[in-house]
Chemist: 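Got a structure for you, questions after.
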Amino acid sequence: MNRIHKSMEGIRASQTLKAHTLRYLERQYRRRSRPVWRRGPSCILAAAVSLFLLLGLGWRNVYSVPTSYISMDVNPSIELGINRFGRVVTTEAYNEDGQDTLLRISLKNKPYVQAVDTLLRDEGYRKYLTENATLYFTIISDRAEAMQEELDSLDEGKPYSIRTYTSDSYCMEVAHQYEMSFGKYRACQELTDLDQNVTMEDCHDMSMGEIQDRIEGCRSHGGTENDGGGNEDGGNGGHNGHHGGHHSK
């Protein structure tokens, strides 16, 4: 307050005007110095609204960010983005069959096991799950093993096969550059490692069944058709770590 008095000393004005101005400035100073809870209901309400909005925006950002991913490939190629609470927050299709599926079925905000089970029970999706079909799950997550076990539990009593694999974010990024799911990219990568005459572009328009048939064909003819021979790590060298598959049936 001493600064306020000193600032008034050099001002040329009547003593009355100076007195009124000084009292006004002192009131403003005291008002701003009071804690929020002593400034009246309107100030408290404004503070509460601001805090609510801040918390709401923070929660929305946390909820909507995927921390894990599941690629489901049988012929529809679908990726599910899963948040830290186990809920599906993003869905993406990478072929026409996948697009048709997501137009028909809503999966967002469901627990991911429930979302996957919803797909498996859908009449339109089940036409791809024939007796000789194989459904490929590929997981990117810090808790991939636990997710793998939960997805394997959905296999009970099914006439088709389920295989689960793990991948990583780098491979997902590369897969999307080829406009394919990272699950299909993993299978294409395996095929191109076995047969050097096949490119990623060739794989793009193949179904998962066709890719797997080509892989099995390469294996039955000696393991690889690469000019330079096979990799000791199972054909995944140089691609930043696709890990081993798990066949649940």
Side-chain angles (χ1 to χ4, degrees), residues 69-81 88 90-105 107 115-140 148 151-152 154-155 158-168 171-221 223-226 234-236 239 242-249:
Y69 297 88
I70 296 174
S71 178
M72 296 180 62
D73 301 273
V74 55
N75 189 52
S77 282
I78 295 172
E79 286 182 6
L80 306 179
V88 175
T90 62
T91 58
E92 192 70 41
Y94 284 90
N95 59 10
E96 188 173 343
D97 291 336
Q99 291 170 0
D100 291 342
T101 299
L102 292 183
L103 284 174
R104 189 176 64 254
I105 307 173
L107 302 176
V116 171
D117 190 54
T118 298
L119 274 178
L120 300 185
R121 293 175 182 275
D122 176 71
E123 185 175 348
Y125 194 83
R126 286 172 62 183
K127 71 181 182 181
Y128 301 101
L129 302 175
T130 59
E131 185 174 352
N132 296 321
T134 301
L135 171 61
Y136 297 87
F137 289 119
T138 310
I139 303 168
I140 297 174
Q148 193 174 72
L151 293 175
D152 284 347
L154 298 173
D155 184 35
K158 302 293 192 301
Y160 51 88
S161 299
I162 290 179
R163 294 184 182 181
T164 56
Y165 296 84
T166 59
S167 188
D168 53 52
C171 290
M172 180 170 66
E173 181 180 345
V174 176
H176 293 174
Q177 292 175 8
Y178 285 103
E179 298 182 345
M180 63 176 70
S181 70
F182 61 86
K184 184 175 181 179
Y185 174 78
R186 185 216 58 78
C188 294
Q189 184 187 54
E190 184 177 358
L191 176 56
T192 57
D193 283 344
L194 291 170
D195 187 350
Q196 205 170 51
N197 296 316
V198 178
T199 66
M200 281 290 172
E201 288 75 13
D202 295 331
C203 292
H204 189 276
D205 294 324
M206 294 183 187
S207 68
M208 286 295 291
E210 291 170 332
I211 293 169
Q212 191 60 34
D213 286 345
R214 295 285 292 270
I215 289 172
E216 297 298 334
C218 289
R219 288 174 175 167
S220 66
H221 288 85
T224 87
E225 295 182 13
N226 285 344
N236 290 325
H239 291 281
H242 286 305
H243 306 290
H246 173 81
H247 190 180
S248 65
K249 290 192 66 136

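These figures come from a predicted structure and were not determined experimentally. The first residue in the sequence is number 1, and the count goes up from there.
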Chemist: What distance do Gln189 atom CD and Ile211 atom CD1 have between them, rounded to the nearest 0.5 Å?
Modeler: 12.0 Å
Chemist: Set out, in order, the CA-CA distance, both residues' side-chain angles and the distance that settles side chain to side chain contact (heavy atoms under 4.5 Å, CB included) for Val88 and Ile70, then state yes or no.
Modeler: CA-CA 10 Å; Val88 175; Ile70 296 174; over 6 Å; no
Chemist: To the nearest 0.5 Å, tell me how far Arg163 CZ sits from Leu135 CG.
Modeler: 11.5 Å
Chemist: Considering all heavy atoms of both residues, which atom of Thr138 and which atom of Thr166 are nearest to each other, and what is their separation?
Modeler: CG2-C, 4.2 Å
Chemist: For the residue pair Met200 and Tyr185, establish whether any side-chain heavy-atom pair is separated by less than 4.5 Å.
Modeler: yes
Chemist: Around atom CD of Glu179, are there more than 12 heavy atoms from other residues, nucleotides or ligands closer than 6.0 Å?
Modeler: no
Chemist: Give, for atom OG1 of Thr90 and atom OH of Tyr69, the distance between the pair rounded to the nearest 0.5 Å.
Modeler: 6.0 Å
Chemist: Mind listing the closest non-hydrogen atom pair of Val198 and Cys203 along with its distance?
Modeler: CG1-SG, 3.7 Å
Chemist: For the CD atom of Glu216 and the CG atom of Leu191, what is their distance to the nearest 0.5 Å?
Modeler: 11.0 Å
Chemist: Quick check: closest heavy atoms across Asn197 and Asp202, and the distance to 0.1 Å?
Modeler: O-OD2, 3.8 Å
Chemist: What verdict does the salt bridge (charged side-chain N to carboxylate O under 4.0 Å, His left out) test give for Arg126 and Glu123, after you've listed the backbone C-alpha separation in whole Å, the side-chain angles of each residue and the deciding distance to 0.1 Å?
Modeler: CA-CA 5 Å; Arg126 286 172 62 183; Glu123 185 175 348; over 6 Å; no
Chemist: Could you walk me through whether Arg121 and Asp117 pass salt bridge (charged side-chain N to carboxylate O under 4.0 Å, His left out), step by step?
Modeler: CA-CA 6 Å; Arg121 293 175 182 275; Asp117 190 54; 2.7 Å; yes
Chemist: Minimum heavy-atom separation for Asn75 to Ser207, with atom names?
Modeler: OD1-CB, 3.2 Å
Chemist: Closest approach of Tyr160 and Leu129, non-hydrogen atoms and distance?
Modeler: CD2-CB, 3.5 Å
Chemist: What's the verdict on side chain to side chain contact (heavy atoms under 4.5 Å, CB included) for Tyr125 and Met72, showing C-alpha distance, side-chain angles and the deciding distance?
Modeler: CA-CA 11 Å; Tyr125 194 83; Met72 296 180 62; 3.7 Å; yes
Chemist: Aromatic rings His176 and Tyr94: how do their planes relate, parallel, tilted or perpendicular, breaks at 30° and 60°?
Modeler: parallel
Chemist: If only atom types and distance count, is the side chain of Lys184 paired as donor or acceptor with the main-chain N or O of His204 below 3.5 Å?
Modeler: yes
Chemist: The test is salt bridge (charged side-chain N to carboxylate O under 4.0 Å, His left out); show your working for Glu210 and Arg214 and say whether it passes.
Modeler: CA-CA 6 Å; Glu210 291 170 332; Arg214 295 285 292 270; over 6 Å; no
Chemist: Give a yes or no on whether the backbone of Phe182 and the side-chain of Glu79 come within a donor-acceptor separation of less than 3.5 Å.
Modeler: yes
Chemist: Heavy-atom distance under 4.5 Å between the side chains of Tyr165 and Gln148, does that happen here?
Modeler: no
Chemist: Could you report the tightest heavy-atom contact between Ser181 and Ala175, atom names first, then the distance?
Modeler: O-CB, 3.8 Å
Chemist: Under 3.5 Å, is there a donor-acceptor pair between the side chain of Ser77 and the main chain of Asp73?
Modeler: no
Chemist: Under the 3.5 angstrom rule, does the side chain of Asp195 hit a backbone N or O of Cys218 as a donor-acceptor pair?
Modeler: no
Chemist: Hey, could you give me the CD1/CG distance between Ile162 and Leu120, rounded to the nearest 0.5 Å?
Modeler: 6.5 Å
Chemist: When rounded to the nearest 0.5 angstrom, what is the spacing between OG1 in Thr118 and CD1 in Ile105?
Modeler: 7.5 Å
